[in-house]
Amino acid sequence: MNQALNQINTTVVAPVVADPLVIAGRAYGSRLLVGTGKYKDFAQTRAAIDASGAEIVTVAIRRTNIGQEPGQPSLLDVLPPDQFTILPNTAGCFTADDAVRTLRLARELLEGHALVKLEVLGDSLTLFPNMPETLKAADILVKDGFSVMVYCADDPIQARMLEDIGCVAIMPLASLIGSGMGILNPWNLQLIIDQAKVPVLVDAGVGTASDAAIAMELGCDGVLMNTAIAAAQDPVRMAGAMKKAVEAGREAWLAGRMPKKFYSAVPSSPSGGLIGAK
Amino acid sequence: MELIINGEALTLSAPLSVAALLDSRNLTGKRVAVERNGEIVPKSRHAETLLTTGDRIEIVVAVGGG
């Protein structure tokens, strides 16, 4: 009896194993990465990011006369680099050359910061990645000392090429940027996850909390999103929902789901001892 | 001298350093990065780097984005 009780207690109080996301040798407690665009104002930006629990936040690099008034606080005043890992991106770049220039400016702006998000777009209608230019830019950036997290198509062969180049994280789209269409091709994501030796993060396409949970249940190491939070009716509340969804999906993946058994249903209750049985 | 700053053609009087250009735009001490003709001008060289006619300058800042 005592022994049985001890076993129960042991199970109940088993310590939660620390489960950090390691990118380029640095450990992060949160597996949710968030963008900083499309918010109503900086106060809402900060509140949503705090609610998300994200430690890594993406920023865009733009000319000084765009998106900032002299004398007004800047984004990096609201999100200080000593509190967050700032991940400069190349959103809006359509060539390898523009992407490389943008990230060299970002490195200068952030005083030598090497962790970056590369995205080279192929089409302004779909924002689908231009993979030849992405591969070219990744190669230049890795050789120049950057730690490159790369937005890419959900193509396992090109994902492997990016890993071979030396990218520190592979970030396939789940559906188009800003579409909120969710995880449209879990099979391709699974192929990428199964072969990758660096973290795989879904970047783009998440629309609501269940999408983030599905990505994590597939075995993704993290999820990066912006519009799903910023374009929600209540962005701060959605940020909190996404935090829980990413955590729940990760826990479910670690727990190992039951096998699917379409034609051999087994009841959860005992099959014997039913009243009225002969 | 003729300069193109963030895509805008401007006529400014020489001599003009990168630091003076930033100062004229109230950007001294702000988190900005400067590129001149496709090459980064490190912050440590803003004061000594003089602009010449035809230079193409980009001055950038971090803004909200995904």
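Reckoned from all heavy atoms, side chains included, excluding hydrogens, waters and symmetry mates. Model, not experiment: these values are computed from the prediction.
- The contact between L224(A) and chain B is made entirely by side chain atoms (from C-beta outward), counting heavy-atom distances below 4.5 Å.
- Not one N or O on the side chain of T64(A) forms a donor-acceptor pair closer than 3.5 Å with the backbone of V61(B).
- With chain A as partner, the option from V60(B), N6(B), I40(B) having the largest number of non-hydrogen pairs under 4.5 angstrom is N6(B).
- At a threshold of 4.5 Å between non-hydrogen side-chain atoms, the residues E58(B) and R101(A) count as touching.
- With a 4.5 Å cut-off on side-chain heavy atoms, P42(B) and E108(A) count as touching.
- Scanning all heavy atoms of the two residues, the minimum distance from A60(A) to G64(B) falls at CB-O, 4.0 Å.
- Distance check: L105(A) CG to E35(B) CD gives 5.0 Å after rounding to the nearest 0.5 Å.
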Does the pair R104(A) and E39(B) meet the rule for a salt bridge (Lys or Arg N to Asp or Glu O under 4.0 Å), with working shown? CA-CA 9 Å; R104(A) 285 178 176 152; E39(B) 299 292 329; over 6 Å; no
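- With a threshold of 4.5 angstrom between heavy atoms, K38(A) does not approach chain B through any atom at all.
- Counting heavy atoms of neighbouring residues, nucleotides and ligands inside a 6.0 Å radius, atom NZ of K136(A) does not exceed 12 of them.
- Taking both residues in full, the closest heavy atoms of V59(A) and A62(B) are given as CG2-CB, 4.0 Å, listed atom of the first, atom of the second, then distance.
- Counting heavy atoms of neighbouring residues, nucleotides and ligands inside a 6.0 Å radius, atom CE of M131(A) exceeds 12 of them.
- Rounding to the nearest 0.5 angstrom, the gap separating the NZ atom in K30(B) from the CG atom in D77(A) is 8.5 Å.
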